[in-house]
Amino acid sequence: MSGYGEAILVMLAINIVVALAGYLPLAAGQLNLGIAGFMAVGGYTSAYLTSAYHLPMGVGMAAGAAAAGLLGLLVAVPVLRTSGIYLALATFALGQVIQAAFLNIEAVGAAAGYPVKPYAGFTVVLSVAFGVLVAVLLLSRTRFALLLTATKNDPLVTELFGVDVRAIRVAAFSLGALIAGIGGALYAHHYSYLEPQNFNIMLSVYIALYVLLGGTQTVAGPIVGAAFFTLLPELLRAGSHWRFVIFAVLIILVMAVRPEGLITGALARRLRFGKRREAAS
Amino acid sequence: MSGAVFAQQLVNGIMLGGIYMLIAVAFTLAIGVLNFLNFSIPGIFMVGAIATWRALENGWPWVGAIAAGLLAAGVASYLVERFTYRWMRGLDHEIPLVSSLGFLILFENLVLIGYGSDQQTFPALMPDFNIRVAGLVIGTGQLISLVLALVLVIAASGLLERTRIGRGIRAVAENADTATILGVEIHRVVPALFILIGLLSGVSGILFAMNYLQVSAFMGHEIGLKGIAAMVIGGMGNIWGAILGGLLIGLIEVLSIAFFGANRADICVYGALLLLLVVRPEGLLGGSAIVREKL
Amino acid sequence: MKRLGTVSAIALLGALAFAPAVQAASELVIGYSMAKTGPYVSLANSNEIAADMAVDEINAKGGVNGRKIKLTKFDTGGNPKDASAAVRRFAVDDKALAIVGPFSSSECRVAFPDGERMGIVQMSMASSAPGLTADMSYAFRNTVDEGKVISDVMETFARKKIPSARAAIAYGTDDAVSKAIGTGVLPKVFEQYKSQVVSTVDFSVKAFDLSPQASQLVQAKPEVIGFGAPPEMAIKLATELQRQGLKARMIAGTTVADPDLPKRMAPAGEGFTIGTTFFRDLNPATKAFSAEFEKRAKAAGLPRTEPSQMDAATYDIVLMYADALAKTKATGDDANLAKERTAIRDHLAKLKNHPMLEGPISFGANRDSIKPIYILEAKQAAWTLIDTHEPK
Amino acid sequence: MLEVENLTVRYGRITALAELDLAVPEGRIVTVLGANGAGKSSLLKALIGLTPIAGGAIRWKGEAIHRRPASERVKAGLALVPEGRRILVSMTVEDNLKVGAYHRDDPAQVAREIDAIYQRFPNLAERRFQKASCLSGGEQQMLAVGRALVSGSSLMMLDEPSLGLSPIIIARLFELLVELNKGGLALLLVEQNTNMALSVAHEGHVLKLGRKIAHGTPQQLLADARLQEAYLGG
C-alpha cells in the first residue's frame with residue numbers, strides 16, 4: 001500500500017474510534033461536546049505512564065482508557081442531572097476545562113507539549129481500532145443497545161418498564177468516554193506528540209458531526225460519518241483551497257436531504273434485507 | 001494589586017462584558033425561541049465585520065460601510081434559516097446544529113480564500129477613541145457597545161413583550177403548533193427572528209472591529225464560545241440573563257487574568273459555567289425565561 | 001449485484017485518489033510540505049512562490065547532475081496529522097530525496113519522528129520552538145535560536161545606549177514558542193543585560209482583549225517590553241498599550257518577523273525592535289530576490305508582496321538541497337534511495353558558512369541553522385536596519 | 001359556509017380520515033361524534049391547516065382553502081380551540097388573548113372585545129397580567145374560548161372542550177356555546193360527551209375508524225343504533 005494511503009487509513013481508524021465514542025451517548029440522546037477532553041485524558045495518561053515509568057504501550061493505553069472512562073463516570077453523575085441542550089453545554093464546558101487544565105500541568109509539558117516515546121504503527125492502530133469496532137458491534141446486538149434507544153425515545157416510559165434510565169445514561173456516557181480515551185491514546189502513540197491545543201472544542205464538535213451526519217440509529221452511522229469527514233477533504237484535494245468550501249456545502253446539503261443522517265435504521269435494515277435476499281437467490 | 005489598577009481592571013471587565021452581551025443575546029434568542037444552538041452565529045459576527053472592513057477599504061463612508069456590514073450579516077443569517085432551520089423543523093435539536101456548523105465552516109473558508117488568514121487592521125474611527133476619567137481609561141467604543149447592547153436589548157425585550165410580532169415569536173417559542181392554529185405565520189416570524197439574530201451578531205462584530213481595530217476569518221471563535229457561556233450563565237432564552245451573563249463572563253475573565261494569569265482564565269470561566277450547569281442549570285435568571293418547559 | 005457494482009466503483013475511485021503520483025524517472029524529486037489552507041495560509045502561501053523561484057532558477061541552469069528538480073507539493077492545512085501523511089507520501093510514494101518543511105512547530109513535532117523512522121531529511125522554514133530537533137538526526141531547521149536573536153537585540157541596545165534598565169515581559173502562554181520565550185529566554189537575556197524585570201504578564205495567543213495585561217504594564221512603567229507571541233498579538237498589545245497611554249519600546253525575536261508589521265501596527269508600533277534573518281534592502285542579491293518575488297506574488301494575487309523571513313528561508317532550503325544533491329551525486333534511483341537520503345543529511349549537517357541569500361549559513365550540533373541576525377526597528381510604518389550581528 | 005368534500009387524511013400508511021363529506025351552514029352548531037381514534041381530531045387539524053390533506057377539498061364561503069397556510073384560514077374566519085386547550089402558559093392571560101387576535105389590524109376594536117371577554121369572565125380579568133399557568137382547568141378553557149373569539153372568527157371549532165372539566169363547568173361552558181351561537185357564531189363541535197353535544201347541536205355526524213357511518217339531527221342520531229356501535233366498537 002502507498003505511504004499516503006496508510007496515513008489516511010490511520011486517520012480514518014482513529015476517527016472511527018472517536019466517532020464510536022460520540023455515538024454511544026448520542027444513541028441514548030446525549031450530545032457530548034467534550035470528547036476531545038476525554039481523548040486528551042486518555043492520550044496524556046498513556047503517554048505519561050509509558051514515557052515517565054516506561055510501562056509497555058498496551059498497559060499505557062489500557063490505563064488511558066480507564067482514566068478517561070473513570071473521569072466520564074465521575075462527571076456523568078452530576079452532569080447527567082441535566083439533559084438535552086444543557087448536557088451538550090455542560091460537556092462543552094468540561095472539555096474546555098480539561099484542555100485548559102493540561103495547559104497548566106508542567107509534568108506533561110504544559111503549553112510546550114509532550115513527546116511520546118512508544119510508537120504505534122499502522123498495524124497496531126488498525127488492530128486496536130478494529131477491536132473497538134467489534135466490541136461496539138457486539139454491544140449493539142445486546143439488550144443494552146435497545147435500552148439506549150428506548151432511553152432516547154421516551155425516558156419516562158422506559159422508566160415505567162422498570163429500567164434504571166439514569167444508570168443506562170451514565171453507562172453510555174462513561175463507555176463513550178472510555179472509548180474516547182482509547183482514541184486519544186492511539187493518537188498520542190501514533191503521532192508521537194501531544195499538545196493541549198490539539199484537543200480543542202472544534203475537535204469535539206467535528207466528532208459530534210461525524211455521528212450526526214452519519215446517523216445515530218446504527219453503528220454504521222458513525223463509521224460512515226467518520227469516513228465522510230476523513231476521506232472527502234482528501235478526495236477534494238484537487239479543489240485546492242476551495243476544498244473546505246465544497247466540503248461545507250456538502251455538509252449542509254447532506255443534512256438537508258437526509259436530516260436523520262446518511263445511514264438511518266430503515267436504510268440499514270433494507271441493506272441487510274437485500275443482502276439476505278441476494279444470499280438466498 | 002493597587003486600588004487604581006483594580007479599578008481599571010473592573011472597568012476593563014465590564015467593557016469586555018459589553019462585547020459579549022450582544023452575541024449572547026443572539027444565541028439566547030435562537031435557543032429560547034427555536035431551541036436551536038446556532039453555531040453559525042460566530043460566522044455571521046465575522047461576516048458583518050469583514051463586510052464593513054471591505055467597504056471601508058473600498059473607500060465607502062462609515063455609515064455606508066456599517067450598513068453594508070449589517071446587510072451582509074442579515075442576509076447570511078437568512079441563508080442559515082433557509083437551509084437549516086426551515087428544512088428541519090421538528091426534528092432533534094442536534095440536527096440544525098450540524099448544518100449551522102456547516103455554515104460556520106463555509107463562511108470562514110470563503111473569507112480565508114478571499115482575504116487570507118491574517119488578521120487585518122480595521123481603520124480607527126478617530127485617533128484616540130478613549131475617555132480618561134480620574135486615571136481610568138475607558139474605551140469609547142466599548143462604552144458605546146455597552147450602552148448600545150443595553151439599548152438593543154431593551155428594544156428587543158420591548159419588541160418581544162409589546163408588539164404583535166413579539167407575541168408571535170413568544171407563541172412560536174412555547175409551542176409552534178399552537179401558534180399556527182392561532183394564525184401566527186411561522187414562515188414569516190422565524191425568518192424575521194433569524195434576521196434579527198443576524199443583525200445583532202453583525203452589530204456585535206462591527207463594534208468588536210471598531211474596538212479592537214482588527215478583523216480576521218476566525219475572529220468569531222473565542223467570542224462565540226464566551227457568548228455561549230454568557231448565555232447559559234444568565235439563563236438560556238432570557239435576554240436580560242444574556243446581559244448579566246455577558247458582564248459576569250467579562251469580569252471573571254479579566255479578573256482571573258489579573259490575579260491568576262492568562263493560563264487559568266479558561267479554567268475559571270468554563271469552570272464557573274460547568275459548576276452553574278450542575279448546580280442551577282436554568283441559569284441565574286432562568287426563572288423568567290421566554291420558555292423553559294421544552295429544554 | 002448492483003450494490004456490488006457501486007461498492008467496487010467507490011473502491012476504485014478511492015484507489016485512484018490515493019494512488020501514488022507517477023513521476024518521470026529523469027527528475028530528482030523534493031517534497032514540499034506546505035499549508036495552503038488552515039490558519040497559516042497567508043504566511044505559507046508566499047513560501048510556495050519562493051520555493052518555485054528557487055526550483056525555476058536551478059532548472060534554468062540545467063538542473064542538478066544533469067537532471068531537473070521536481071517539487072512535489074502536499075497541502076497540510078497546518079495540521080500535524082496531515083504533515084505526518086505528507087512525510088509518508090513523499091518518502092514512500094514519491095520517492096523524494098528530501099523534504100522542504102513542514103511549516104509550523106506543531107507539524108514538525110509530529111512529522112520529524114516520522115522522518116526519523118523513514119530516514120529522510122526535513123527542513124522547516126518557520127518552526128522555532130526550542131529543542132525540537134534534539135534526539136533526531138534527519139530533522140533540520142533553517143531557523144535560529146530565539147535566545148540568540150533576542151540577546152542580539154539587547155546587545156544592539158547596549159551599543160546604541162537605548163534605555164532598557166526597567167524591563168517587562170509579555171508572552172503567550174498557550175503556544176510553545178511564545179511560552180519558551182516568555183519564561184525561558186527573556187528573563188535570562190534581561191538578567192544578562194542588567195535590566196530589572198518590573199512586570200511579567202501573560203495572555204492567550206487567541207485573546208483579542210489585552211486590556212488587563214496592558215493595565216498591569218502601565219502600572220509598572222517599563223522602558224522596554226520583551227515580547228514573545230505571534231505578530232497578531234504584537235499588534236494587539238501595541239494598540240492596547242497606546243490606548244492606555246504607555247510609551248515603551250517593545251522588542252521581540254523572529255516570531256514577529258512580518259514585513260508588513262510596522263504598517264499594520266502603525267502608529268502604535270513606532271520603535272518596535274526585532275531581530276530577524278532576512279532584510280530586503282541588504283544587498284543586490286536580496287533586492288533582486290525581493291523584486292522577482294514581488295512580481296510573482298502580484299501575479300498570483302497575494303495580499304502581501306514583500307518577502308518575509310520565512311520566504312527567504314524556504315528559498316535557501318531549496319538551494320541548499322540542490323547543492324547537497326550535486327555534492328552527493330544523488331540519482332534518485334530506487335535502489336540507492338536510502339543511502340542517498342542519508343548522504344544528503346550528512347552533507348547538510350557539516351555545512352559551514354555556506355553563502356546563501358540570507359547570509360552565510362551553518363548548522364549547529366542540533367541541526368538548527370546559524371546565520372546572521374539583522375536588527376530592524378519600526379520607523380514611520382516601515383522596518384529600517386539598525387544593526388547586524390554576524391555569526392561568531 | 002364550510003363545505004368539506006371527499007376529505008382524506010393520512011399519516012404515513014395509516015388513513016386517519018377517508019373521503020369525508022361534511023358541511024357547516026351559517027349560524028349552525030354541527031357536532032362530530034366518535035370514539036378515540038375515529039379521526040375527529042385529524043378532521044379539525046386538517047380544517048385549520050395543521051395537517052396536510054391527502055385528498056378532497058375544503059371550501060370556506062365558496063372558496064377552496066385547503067392549500068392555504070393556517071394563518072390565512074384563521075384570517076378568513078376559522079378558529080380552533082384545540083384539545084387540551086393549549087394555553088400558552090409562559091405568557092400572561094392578556095397576551096394569550098392578544099395572540100388570539102394576532103392577524104387583526106384594529107387594535108381599538110380588539111381592546112374592546114378583550115374587555116367584553118373580561119366582563120364575561122371576571123376570573124380572567126382578575127388575573128389578566130399573571131402567567132396563564134396559574135389558571136385552573138376551567139379558567140383555561142374559558143381563556144381558550146376567549147382567545148378563539150377575539151380572532152374575529154365566524155366558525156369556531158372545538159376539540160373535546162369538556163375533557164377533564166367538572167360537570168358544573170361543563171354545563172356553564174355549553175351554556176356559553178349556545179349563547180355565542182345565538183349571537184351568530186357557527187360551531188363545529190367534536191365531542192366524546194355525546195349527550196352534551198347532541199343537546200346543543202343542530203345536526204351531527206358519527207365517525208368510526210376514519211369513516212362516516214351516520215348523519216342526522218340529534219333526535220335521529222339518538223335513535224340510531226349506529227351511534228352506539230361507534231362507541232362500543234361492535
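Heavy atoms only: backbone and side chains are in, while hydrogens, waters and symmetry mates are out. Residue numbers begin at 1 in each chain, while the letters A, B, ... track the order of the sequences.
Just one of C:R264, C:K263, C:M265 meets the side chain to side chain contact (heavy atoms under 4.5 Å, CB included) condition when paired with B:T121; it is C:R264.
Contact count against chain B (heavy-atom pairs under 4.5 Å) is highest for C:Q244 among C:Q244, C:E240, C:K179. Across B:M219, B:Q8, B:E222, the residue that shares the most heavy-atom pairs under 4.5 angstrom with chain C is B:E222. Heavy-atom pairs under 4.5 Å with chain C were tallied for B:L255, B:D266, B:I223; the largest tally goes to B:I223. Taking C:T239, C:T173, C:I235 one by one and counting their heavy-atom pairs under 4.5 Å with chain B, the maximum is reached by C:T173. Of all the listed residues (B:E108, B:H221, B:Q214, B:Q120), the one sharing the greatest number of non-hydrogen pairs under 4.5 Å with chain C is B:Q214.
Between the CD1 atom in B:I138 and the OG atom in C:S211 there is a gap of 12.0 Å [rounded to 0.5 Å].
Between the side chain of B:Q9 and the backbone N or O of C:P212 there is at least one donor-acceptor pair closer than 3.5 Å. In this structure, C:S215 contributes its side chain and B:V5 its backbone to no donor-acceptor pair below 3.5 Å.
When the heavy atoms of residues 201-209 of chain C are compared with those of chain B, the residues falling under 4.5 Å are C:D202, C:F203, C:S204, C:K206, C:F208, C:D209, listed by number.
Nearest heavy-atom pair, C:G245 versus B:R132, reported as atom, atom and distance to 0.1 Å: N-NH1, 4.3 Å. Taking every heavy atom of both residues into account, B:N12 and C:R243 meet most closely at OD1-NH2, 4.3 Å.
Both the backbone and the side chain of B:Q119 come within contact range of chain C, with heavy atoms under 4.5 Å apart.
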